[in-house]
Amino acid sequence: FGQHFSTQEQTPQICVVGSGPAGFYTAQHLLKHHSRAHVDIYEKQLVPFGLVRFGVAPDHPEVKNVINTFTQTARSDRCAFYGNVEVGRDVTVQELRDAYHAVVLSYGAEDHQALDIPGEELPGVFSARAFVGWYNGLPENRELAPDLSCDTAVILGQGNVALDVARILLTPPDHLEKTDITEAALGALRQSRVKTVWIVGRRGPLQVAFTIKELREMIQLPGTRPMLDPADFLGLQDRIKEAARPRKRLMELLLRTATEKPGVEEAARRASASRAWGLRFFRSPQQVLPSPDGRRVAGIRLAVTRLEGIGEATRAVPTGDVEDLPCGLVLSSIGYKSRPIDPSVPFDPKLGVVPNMEGRVVDVPGLYCSGWVKRGPTGVITTTMTDSFLTGQILLQDLKAGHLPSGPRPGSAFIKALLDSRGVWPVSFSDWEKLDAEEVSRGQASGKPREKLLDPQEMLRLLGH
Ligand SMILES: Cc1cc2nc3c(=O)[nH]c(=O)nc-3n(C[C@H](O)[C@H](O)[C@H](O)COP(=O)(O)OP(=O)(O)OC[C@H]3O[C@@H](n4cnc5c(N)ncnc54)[C@H](O)[C@@H]3O)c2cc1C
C-alpha cells in the first residue's frame, strides 16, 4: 500500500533524451495519462524536433505539421526543454537517473552505414543523410558544398531517403523557392548541372524499401522522365498479384511505369524532359572509381548480384560480373544505426540499438527507450508515434506498480546546477520560440516559411547566451 500510495501522490520526474518525434510523443503520452508527471526533454542541438526539421524534405511541408502538436506539448507547464545539452558528454545518464524517477532514451539513429569499399573517401562521395542535413540546415552539414557540376549522380539504396535526395536533385529549382530549404543549398541547386540520377539497389524490384507516395511524386516530377528497364520486371507479374495490398499497389505502379507504353500526353511530357531518374537493380557497390588525377569520384564499380533464399531472408550475392557506371556524385543511403552515448547504457552493436524489452532497457531499472534508438531506423513518424506511446504506457505501468524509485526526486533542480557548474547553458523552449520567430521573419522577404539559422554562434548570440 505504502509504495502504491507514494507513487500516486508524488510528482513523477521524468527525463527524455532527444527532442525528435519519439521524445515528444513519449512526453505527450506521459503528460496526458498522468496529471502530475513532469517531463524534461534534453536535446544536444540548439533547437527541437529532430528529423522533422533536419530530415523531412523541404518540399514535404505537410509532414512537418506534427511540430504544432509538439509545440503544444512543450508549452505545457509540466514540460521543459533543455537544448544545447549533449547527454553522455555534458551530463551522464547515471546523473540523470539519480535526478529523475525515470529516464527515456529517444536519441534516434545518427550514424550512417559506411559502404566499406575502396575509394569511399574520395571527394564527391557523401552519406545521403549529410546531403539531406545540408539542404535542411543541420549546422554540422552547412559547409558540405557538394560539387554539382557533373551530369550523373548515383544513389546507393532504394528507400524513401534515396527518393527524397533524387527528387531534390532533379526538381526545377524554382519549385523549391518557397520552401524552407536553406538559401545556400537552393543557390547551389540553381547552379547544378546534374541531369541524371540512378538509384541503385542490391536486390530486385520486389525488395524496394520506398513507399508509393514518394514513388508517385518521382514519376510525376516536372521536367523529368523515368528510366526503368522492362527486363527487370520479367516474370514478376504473378508474384506482384500475390503481394499484400500496400506492397501490391506499389509494385503495380512500378510495373506499369516500366512496361506500359505511356499515353500521347505522357509520351510528349517525357520527350520534352531535360532530366531523368532511373532504378538499377541487382547491383552492389564494389569500388568508387577515381578521376584520372585521382582527386575525386568519376564513377562507381557495381557488382552484379543475384538473389538467394526466399522471403524475408532473400540475400543478394555477387555473381562475379561487374559494371562501371560513370558519375560525379555518389550518395549512400543504405541505412543508419544508433550510437552508444554513455558507457553505462547497454548497446547492441550488431542491431545498432539500445537492447530493450518493449521499451524497458535491459538490466537497467528506470531506464526506457523509444523511437529509432529502440526499434532501429525504419518507420515513418506515425510508426514512431505509436511506438513511443507504448513506451510511455509501460513506464506509467511500472510507476503505478511501484517499480520506479519512490520518494521525491530533484529533477532539473539538480541537473541545472550541475550544468551550470560545467559551464553549459541550456536553451529553453521560449528561447527556441525567439529563434523560431527570427527564422520566420527572415523567410518573409523571400516568401519562404522560414530561413533557417545555421550558425550556432549566431543563434546563441541572438539568445544573449
Ligand atoms: C532524411 C529523412 C527523411 C524522412 N522523411 C520522413 C517523412 O517525410 N515522413 C515521415 O513520416 N517520416 C520521415 N522520416 C522518418 C522520421 O524522421 C523518423 O521516423 C523519426 O524522426 C524518428 O524519431 P526519433 O525521435 O527516434 O529520432 P530523431 O528524429 O532523429 O530524434 C532524435 C533527437 O535526439 C537528439 N540527440 C541525439 N543524440 C543526443 C544526445 N547525446 N543528447 C541529447 N540529444 C541527442 C537528436 O539531435 C535529435 O533531435 C525521415 C527520416 C529521414 C532520415
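In this chain, residues are counted from 1 in sequence order. Order of appearance sets the numbers: ligands from 1, and atoms from 1 within every ligand.
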Quick check on contacts: which atoms of ligand 1 are under 4.0 angstrom from a heavy atom of Gln45? 47 (O)
Any nitrogen or oxygen of Thr384, main chain or side chain, under 3.5 Å from a nitrogen or oxygen of ligand 1? yes
Has ligand 1 got any nitrogen or oxygen that is less than 3.5 angstrom from a nitrogen or oxygen of Glu214? no
Does ligand 1 come near enough to Val373 that some N or O of the ligand is less than 3.5 Å from an N or O of the residue? no
Just jot down the ligand 1 atoms closer than 4.0 angstrom to any heavy atom of Gly50, in number order. 29 (O), 48 (C), 49 (O)
Counting from 1, what ligand 1 atoms have a heavy atom of Val85 closer than 4.0 Å? 42 (N), 43 (C)
Between Asp398 and Arg360, is any pair of side-chain heavy atoms under 4.5 Å apart? yes
How about Tyr82 and Ser412: do any of their side-chain heavy atoms sit closer than 4.5 Å? yes
Using a plain distance cutoff, I'd like to know if Val52 has any nitrogen or oxygen under 3.5 Å from a nitrogen or oxygen of ligand 1. no
Give the residue and atom name of whichever protein heavy atom lies nearest to atom 48 (C) of ligand 1, and the separation in Å to one decimal. Glu43 OE1, 3.5 Å
Between Arg450 and Asp436, does at least one N-O distance fall below 4.0 Å, as a salt bridge requires? yes
Any carboxylate oxygen within less than 4.0 angstrom of a Lys/Arg side-chain nitrogen, looking at Arg422 and Glu95? yes
Please list, in number order, the atoms of ligand 1 under 4.0 Å from a heavy atom of Glu86. 41 (N), 42 (N)
Residue portion contacting ligand 1 (non-hydrogen atoms closer than 4.0 Å) for Leu51: both
Would you kindly specify which portion of Ile381 sits under 4.0 Å from ligand 1, judged on non-hydrogen atoms: side chain, backbone, both or neither? both
Distance flag for atom 14 (N) of ligand 1, protein heavy atom under 4.0 Å: no
Ranked by distance from atom 31 (O) of ligand 1, the top protein heavy atom is Gly20 CA, 3.4 Å
Heavy-atom distances under 4.0 Å are what count here, so tell me which part of Arg89 touches ligand 1: side chain, backbone, both or neither. neither
Asp98/Arg409 ion pair, N-O < 4.0 Å: no
Write out the residue and atom name of the closest protein heavy atom to atom 52 (C) of ligand 1, then the distance separating them to 0.1 Å. Val161 CG2, 3.9 Å
When you check the gap from the basic side-chain N to the acidic O, do Arg190 and Glu177 get nearer than 4.0 Å? yes
Taking Trp277 for the side chain and Leu170 for the main chain, is one N or O donor matched with an acceptor at less than 3.5 Å? no
Considering only the protein, which heavy-atom contact is closest to atom 38 (N) of ligand 1, and what is its distance? Tyr107 CB, 3.5 Å
How far is atom 43 (C) of ligand 1 from the closest protein heavy atom, and which atom is that? Lys44 N, 3.3 Å
Is the shortest heavy-atom distance from the side chain of Glu438 to the side chain of Glu458 under 4.5 Å? no
Is ligand 1 under 4.0 Å from a heavy atom in the side chain of Asp164, in the backbone, in both, or in neither? side chain
Out of Ser106, Gly18, Ser333, Ser338, whose heavy atom is nearest to atom 32 (C) of ligand 1? Ser106
Is any side-chain heavy atom of Ile240 less than 4.5 Å from a side-chain heavy atom of Leu254? no
Just need the protein heavy atom nearest to atom 25 (O) of ligand 1, so name the residue and atom and give the distance. Ala22 N, 2.9 Å
Strictly by modelled atom types, are Ser35 and Arg78 linked by a side-chain donor-acceptor pair under 3.5 Å? no
Using a 4.0 Å cut-off to any heavy atom of Ile341, which atoms of ligand 1 qualify? 41 (N)
Between Arg75 and Glu433, does any side-chain N to carboxylate O distance fall below 4.0 Å? yes
Measure the acute angle between the ring planes of Tyr135 and Phe131, then classify it against the limits of 30° and 60° as parallel, tilted or perpendicular. perpendicular
For ligand 1, find out whether one of its N or O atoms is nearer than 3.5 Å to an N or O atom of Val87. yes
List ligand 1 atoms under 4.0 Å from Gly55, heavy atoms only on the residue side. 1 (C), 2 (C), 3 (C)
Contact check, Val165 vs ligand 1, heavy-atom distance below 4.0 Å: no
min-distance protein heavy atom vs atom 26 (O) of ligand 1 -> Trp372 N, 2.8 Å
Heavy-atom protein contact below 4.0 Å for atom 45 (C) of ligand 1: yes
Within a distance under 4.0 Å of any heavy atom of Gly379, pick out the atoms of ligand 1 and give their elements. 15 (C), 18 (C), 19 (O)
Which ligand 1 atoms are under 4.0 Å away from a heavy-atom of Gly371? 26 (O)
Got a salt bridge between Glu439 and Arg53, using NZ or NE/NH1/NH2 to carboxylate O under 4.0 Å? yes
Within-4.5 Å side-chain heavy-atom neighbours: Thr391 and Tyr25: no
Strictly under 4.0 Å, does any heavy atom of Pro21 approach an atom of ligand 1? yes
Point-to-point distance, once rounded to the nearest 0.5 Å, from CH2 of Trp198 to CG of Leu156: 13.5 Å
Is the side chain of Asp387 donor-acceptor paired with the backbone N or O of Gly371 at a distance under 3.5 Å, no angle test? yes
Measure Val380 to ligand 1 on non-hydrogen atoms and call it side chain, backbone, both or neither using the 4.0 Å cut-off. both
Could you tell me if Thr196 and Asp151 have a donor-acceptor pair between their side chains, going purely by distance under 3.5 Å? yes
Nearest protein heavy atom to atom 9 (N) of ligand 1, by residue and atom, and its distance? Val63 CG1, 3.4 Å
Assess the side chains of Tyr42 and Asp90: does a donor N or O sit below 3.5 Å from an acceptor N or O? no
Below a 4.0 angstrom heavy-atom separation, can you tell me which part of Val56, side chain or backbone, both or neither, approaches ligand 1? both
